[in-house]
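One structure is given here, and the rest of the page talks about it.
Just so you know, these numbers come straight off a predicted model, no measurement behind them. Protein chains get the first letters and strands the later ones, always in sequence-line order, with residue 1 at the start of each.
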Protein chains: 2
Amino acid sequence: MSGKPAQTRASGDEVAVDDRSVAARLFAILDAFGAPTGATSLTLTLTAIAQRANLPLSTTHRLVAEWVSWGGLSKHENGQYSLGMKLWELGVQTPTARNLRTIALPYLEDLYETTREHVHLAILDGRDALYLEKLSGHHVVRLISRVGARLPLHSTGVGLVLLAYAPTDVVQEYLATSLQRFLPRTVTEPEAVRKRLAEIRLIGIARMSEEMTAGSSSLAAPIRDRTGQVVAAVSIVTRTTDTVDPEQEQAVRLAAQGVSRALGYRRAQQ
Amino acid sequence: MSGKPAQTRASGDEVAVDDRSVAARLFAILDAFGAPTGATSLTLTLTAIAQRANLPLSTTHRLVAEWVSWGGLSKHENGQYSLGMKLWELGVQTPTARNLRTIALPYLEDLYETTREHVHLAILDGRDALYLEKLSGHHVVRLISRVGARLPLHSTGVGLVLLAYAPTDVVQEYLATSLQRFLPRTVTEPEAVRKRLAEIRLIGIARMSEEMTAGSSSLAAPIRDRTGQVVAAVSIVTRTTDTVDPEQEQAVRLAAQGVSRALGYRRAQQ
DNA sequence: CCGAGAACTTCCACTGAATGGAAGCGCAGG
DNA sequence: CCTGCGCTTCCATTCAGTGGAAGTTCTCGG
């Protein structure tokens, strides 16, 4: 109702201009719900979103409203916002997620039933192993992994398998950076990693022991599509024991082969 | 390099202006990948996106590029676009999807193991049952349902359970519209549906038979959170048989109770 | 009960970012 | 070689988005 001009920009001050596009700002808002403060920041207030996205409050308000009206964010009674169901709906439509998961799930279930261990399905995405699926039973054991998590390639069973069958330039680039050591047994030396990769290609299975989480080991095997390319990896994560259980190895191999066959892979001329 | 003005808008012609905001246009692009032509249109060309989103090609080009740079869409070698992994990553972070799924999955696995039937987990979203999870084994039987699918409330086991415990105004509104009859046995008459809902509330389980898919029946039970509110439903879908298997009913009930307990529900004073 | 403060919502003049028609490019088929 | 189709780039125009500020609501403490 007032007639006063609102914009009163400070005269000589150098204002760091924000040259992000509208789209980039919208994305920044969603990214605010990502991993920043870690695990449990799944719900944010408007102000918190504005801070994380580094946007003025009024702009945030308007853009958040756009997200909410579309369903990408949802507003709760208490005024907090969280990621909306629409994102989930579209997310599960993502081709790789949808197809791989659908096809692999039954085999993962079988693997879980026969071994009763944590079962993982992961793909290579950028420099990480991206966890597509996880079956865990009622174990009290907490693992770092969860669906949607990203874990390093060199310290996880699935990661090492994915790396073993990745294009050489990917391996090259990955090993060019310094690899984080999580536990004393984590292999971080590039040449040592290369040796392991070669061994994995030879025997078709990766054996990890106490390299990411104390007390747990894993067995992982590659999943191939109809072109023979490795597109994913399955693993089971067990409590570390002295002996390697050949039956477990067999179970992991069978699961990987089952999924591969379902994807159209026909055993190559051995 | 030319100096000619590009914009040569037809003079007297009435141009239907598009008053969608940038955000709305961006969303329209994602929606183009949704359900429009049905199931398998998971990959589109630029032109196809422009058509479906009803946007000029150049605008589409620019906005699609924004999505791609963020990871919401990904561009394949052949020039086709599909939903990107980023959407999946954010999607699985969605609170309800994440929490419910994580908590429920082990119980769903148990249910699958004991019954060996299709297992479903769904929530009420708008006027539909939204399928959060589905375990299916290697059955050849094709079901309509899949993760992320939306199916009607009155013709599915989970749907009817969700409706039975929904707020009265939701029920009112749902029954106010005409309900689709899929098969001869689908109950579509509002009063008849209300009767079923009352029965479900009484016995705590929904029994459906040949109301959505010929030859299959389902048993569904409600999942409650710590406040006692019904937040989801589990079901098994079986081939229709003459007799009701009390053990199956028991298994479904147990699964629902298990999840409810895990969500913090303590059996109310009966 | 009132006042301070924090968080959210609305307002609106200004402007630069988004727009989209057209031209340019690249490729496949005739 | 030409034609047609689909994608990419260009850029003058303009209007949608912007964000500072004022208004509103809610909570907490005195």
Side-chain angles (χ1 to χ4, degrees), chain A residues 1-30 32 41 43-70 73-82, chain B residues 1-30 32 41 43-70 73-82:
Chain A
M1 296 288 177
S2 100
K4 276 182 268 175
Q7 215 87 332
T8 325
R9 180 156 289 161
S11 49
D13 268 334
E14 193 51 55
V15 184
V17 286
D18 183 350
D19 59 352
R20 284 179 290 181
S21 66
V22 187
R25 291 166 204 226
L26 280 164
F27 300 154
I29 285 176
L30 276 206
S41 75
T43 156
L44 297 172
T45 68
L46 189 66
T47 316
I49 299 172
Q51 282 167 356
R52 290 175 179 231
N54 194 27
L55 288 170
L57 194 60
S58 50
T59 302
T60 309
H61 183 256
R62 200 162 13 84
L63 297 183
V64 163
E66 299 257 26
W67 277 118
V68 170
S69 81
W70 182 66
L73 290 179
S74 57
K75 187 177 189 170
H76 300 268
E77 337 67 50
N78 51 31
Q80 303 248 316
Y81 294 87
S82 68
Chain B
M1 296 286 176
S2 100
K4 277 182 269 175
Q7 216 85 335
T8 325
R9 180 155 289 160
S11 48
D13 268 337
E14 193 51 55
V15 184
V17 286
D18 183 351
D19 59 352
R20 282 180 290 180
S21 65
V22 187
R25 290 165 204 226
L26 280 164
F27 300 154
I29 285 176
L30 277 206
S41 73
T43 157
L44 296 172
T45 68
L46 189 65
T47 315
I49 300 172
Q51 282 167 356
R52 290 176 179 230
N54 193 27
L55 288 170
L57 193 59
S58 51
T59 302
T60 309
H61 182 256
R62 200 162 11 87
L63 297 184
V64 163
E66 299 257 27
W67 277 117
V68 170
S69 81
W70 181 66
L73 290 179
S74 57
K75 187 179 189 167
H76 301 268
E77 337 68 49
N78 51 31
Q80 302 248 315
Y81 294 88
S82 68

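- With sequence neighbours excluded, no residue satisfies ring pair (Phe, Tyr, Trp, His ring centres under 6.0 Å) with A:Tyr81.
- Judged purely by atom type and a 3.5 angstrom limit, B:Trp67 uses its side chain to pair as donor or acceptor with the backbone of B:Leu26.
- Taking the nucleotide of DNA chain C with the nearest heavy atom to each of B:Pro56 and A:Gly79, the more 5' of the two is matched to A:Gly79.
- Shown here are the side chain to side chain donor-acceptor pair (under 3.5 Å) partners of A:Arg20, two or more places apart in sequence or in another chain: A:Asp18.
- In this structure A:Thr45 satisfies the side chain to side chain donor-acceptor pair (under 3.5 Å) test with no other residue, sequence neighbours excluded.
- Following rounding to the nearest Å, B:Gln51 (CD) and D:dC5 (C1') show an atom-to-atom distance of 12 Å.
- OP1 or OP2 of C:dT19 sits under 4.0 Å from a side-chain N or O of B:Arg25.
- Between C:dT9, C:dA18, D:dG19, one nucleotide has an atom nearer to the side chain of A:Val22 than all others, and that is C:dA18.
- Close to D:dA16, at under 4.0 Å from its OP1 or OP2, lies no side-chain N or O of B:Arg20.
- DNA chain C is contacted by B:Ser58, B:Thr59, B:Arg62, B:Leu63 of residues 57-69 of chain B, taking any non-hydrogen atom closer than 4.0 Å.
- Comparing C:dA18, C:dG20, C:dT9 by their nearest atom to the side chain of A:Tyr81 picks out C:dT9.
- In terms of the side chain to side chain donor-acceptor pair (under 3.5 Å) criterion, residue partners of A:Gln80 (sequence neighbours excluded) are, by chain and number, A:Thr43.
- Put simply, NZ on A:Lys75 is 15 Å from P on C:dA7, counting in whole angstrom units.
- Partners of A:Ser58 under the side chain to side chain donor-acceptor pair (under 3.5 Å) rule, at least two apart in sequence or in another chain, do not exist in this structure.
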